[in-house]
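Read through the structure below, which is laid out as structure tokens, and then see the notes.
Side chains included, hydrogens not; waters and symmetry mates left out as well; all remaining heavy atoms used. Given the structure is predicted, the values throughout are model-derived calculations rather than measurements.
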Amino acid sequence: MKKITSILMSMCLLLALFACNSADKPTDAQGTASPANGEISELLISGLPEGDFVLTWEMLKSDYEVTEREAMLRKSSGDERLVRAKGVLLENILRRHGVEQREIDGLMTHASDGYAIELNKKQLEEREVLLAFEIDGEELELPRIVIPEERGMYWTKFLIAIEIQGKIEEIAVTKELSLTEIIEKLKDKAEEFKYYDAICLGIPTEYILEEIGVSDPVPVVIKAKDGLTRNEKFEMFAGQLIVFEGTQYAPLYIGANLPRGMRVKEVVSVQIGGILLVG
């Protein structure tokens with residue numbers, strides 16, 4: 001418990017530092033405020049056998065073999081761009097700590113704006129994970145994950161933490177409910193949400209959790225029509241919306257405090273603990 005508390009406190013400190021330094025700064029296409037170079041210069045890697053490891057910006061660029069890769073950046077919008085990245089392979093960093101990337105069950109990458117996404121065991125077995133400090137000849141202000149052959153949502157920008165996970169528990173479905181019927185029942189609680197130029201209607205997820213009788217934190221898994229599977233933290237899920245009207249991408253998992261890259265379009269199912277919401 002002390003170790004978990006220490007990890008969370010370290011990550012909160014990094015996030016707090018970013019928040020103080022990024023006020024009123026322009027945002028990029030991912031909706032992430034760009035920090036000035038040097039404001040955050042450490043990357044926390046947690047879950048290693050010997051404990052947490054802090055990788056400084058200087059160490060990343062000077063203490064490891066530098067690798068260059070060309071990779072196609074594929075965005076959720078369908079846009080594609082070939083990039084040339086220079087950085088350090090994650091597997092080379094992990095090996096110094098007695099860990100093989102292909103033996104990890106999963107890991108979460110965390111950005112300075114709160115964005116987080118999981119890389120599963122299959123991805124870690126099959127893909128190279130590059131911690132890039134330079135893209136197309138330009139030095140980055142914070143490392144960026146680059147994973148050739150994976151879509152852009154996994155290329156976490158402004159990386160501040162990597163959380164190595166143990167085996168991720170799969171919970172069996174004990175009850176199946178209709179997401180459409182639950183939304184229909186809760187329409188009187190709908191809220192407006194501006195999605196680009198459209199005014200949409202969505203149900204706060206807190207009301208969905210209340211309707212199905214879930215209050216204690218449990219794993220949440222969201223699946224989309226295009227095959228995307230997103231493992232979401234319960235605390236994050238509980239503060240968002242399921243948009244059901246006003247966009248062709250409904251049902252849409254979205255929220256005012258949800259980084260743009262964490263949104264899920266055309267949701268086909270949401271598993272909350274042992275309860276599966278479908279359709």
Side-chain angles (χ1 to χ4, degrees), residues 10-11 14 18 28-30 32 34-76 79-113 115-166 259 261:
S10 298
M11 290 177 62
L14 286 170
F18 172 82
D28 66 7
Q30 188 177 296
T32 322
S34 303
N37 192 26
E39 288 181 355
I40 301 175
S41 58
E42 295 180 346
L43 168 65
L44 175 68
I45 303 179
S46 62
L48 294 167
E50 73 234 30
D52 300 348
F53 173 63
V54 176
L55 180 66
T56 68
W57 185 247
E58 292 74 19
M59 290 165 62
L60 179 64
K61 294 190 290 184
S62 63
D63 290 7
Y64 300 89
E65 178 184 351
V66 173
T67 298
E68 295 189 32
R69 290 288 184 269
E70 281 193 346
M72 187 67 70
L73 173 58
R74 295 182 174 87
K75 300 183 179 181
S76 58
D79 294 339
E80 295 185 351
R81 180 169 70 92
L82 184 66
V83 302
R84 186 166 188 82
K86 181 186 291 186
V88 176
L89 291 172
L90 177 61
E91 62 183 355
N92 290 341
I93 297 172
L94 295 177
R95 279 184 183 140
R96 291 199 186 182
H97 299 272
V99 176
E100 289 292 329
Q101 177 180 306
R102 287 161 180 77
E103 295 176 358
I104 297 174
D105 290 306
L107 62 78
M108 294 283 290
T109 59
H110 297 265
S112 52
D113 70 333
Y115 182 83
I117 194 164
E118 176 194 336
L119 295 176
N120 60 38
K121 186 172 182 60
K122 188 171 187 295
Q123 290 170 312
L124 293 170
E125 287 176 343
E126 297 179 354
R127 305 288 192 237
E128 287 186 324
V129 180
L130 185 71
L131 276 59
F133 52 74
E134 185 180 297
I135 297 285
D136 293 335
E138 294 187 13
E139 184 174 325
L140 303 179
E141 295 166 340
L142 284 173
R144 178 174 190 172
I145 294 288
V146 172
I147 309 177
E149 301 182 65
E150 284 291 354
R151 51 182 136 181
M153 62 181 296
Y154 293 103
W155 293 30
T156 304
K157 293 182 179 181
F158 308 135
L159 186 69
I160 61 168
I162 295 175
E163 177 188 355
I164 298 173
Q165 302 172 322

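Within the 4.5 Å cutoff, no side-chain heavy atoms of D113 are placed close to those of F158. In this structure the side chain of I162 reaches within 4.5 angstrom of the side chain of L131, judged on heavy atoms. Side-chain contact between V146 and R69 is absent, with no heavy atoms from C-beta onward closer than 4.5 Å.
When every heavy atom of G152 is checked against every heavy atom of L73, the shortest pair comes out as CA-CD1, 3.6 Å. Shortest non-hydrogen contact noted between Q165 and I104 is O-CG2, 4.2 Å. Between Q123 and E118, the shortest heavy-atom distance links the atoms OE1-O, 3.9 Å. Nearest heavy-atom pair across A116 and H110 is CB-ND1, 3.7 Å.
Note that CG of L107 and CG of L94 are 8.0 Å apart. Values are rounded to the nearest 0.5 Å. Once rounded to the nearest 0.5 Å, the distance linking CG of D105 with CG of L124 reads 9.0 Å. If you take OH on Y115 and CE on M153, they are separated by 5.0 Å, rounding to the nearest 0.5 Å. The CG atom of L140 sits 5.5 Å away from atom CD1 of I135, with the distance rounded to the nearest 0.5 Å. Note that CG of N92 and CD of Q101 are 9.5 Å apart. Values are rounded to the nearest 0.5 Å. Atom-to-atom distance recorded for L119:CG and E163:CD is 12.0 Å, nearest 0.5 angstrom.
More than 12 heavy atoms of other residues, nucleotides or ligands sit less than 6.0 Å from atom CD of E58.
Distance alone, capped at 3.5 Å, places no donor-acceptor pair between the T156 side chain and the L159 backbone. Between the side chain of W155 and the backbone N or O of I147, at least one donor-acceptor pair lies under 3.5 Å.
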Next item on the list: Go through L60 and L43 one step at a time and tell me if the side-chain contact (heavy atoms from CB on, under 4.5 Å) criterion holds.
Entry: CA-CA 9 Å; L60 179 64; L43 168 65; 5.9 Å; no
Note to self: One pair to check against side-chain contact (heavy atoms from CB on, under 4.5 Å): E126 and E149. What are the steps and the verdict?
What the structure shows: CA-CA 10 Å; E126 297 179 354; E149 301 182 65; over 6 Å; no
Checklist line | Check against side-chain contact (heavy atoms from CB on, under 4.5 Å), I117 and Y154 | finding: CA-CA 7 Å; I117 194 164; Y154 293 103; 3.7 Å; yes
Item checked: V66 and F133: CA distance, side-chain angles, deciding distance, side-chain contact (heavy atoms from CB on, under 4.5 Å) verdict -> CA-CA 10 Å; V66 173; F133 52 74; 4.1 Å; yes
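Ring orientation note: the planes of H97 and F53 are tilted relative to one another, at an angle of 30° to 60°.
Of the charged side-chain nitrogens involved, at least one lies within less than 4.0 Å of a carboxylate oxygen, so that E80 and R74 count as a salt-bridged pair.
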Less than 3.5 Å apart, which donor and acceptor atoms pair up between the side chains of residues 81-90 and the rest of the protein, not counting sequence neighbours?
from : atom 1 : to   : atom 2 : distance (Å)
R81  : NH1    : D136 : OD2    : 2.9
R84  : NE     : E68  : OE1    : 3.1
R84  : NH2    : E68  : OE1    : 3.2

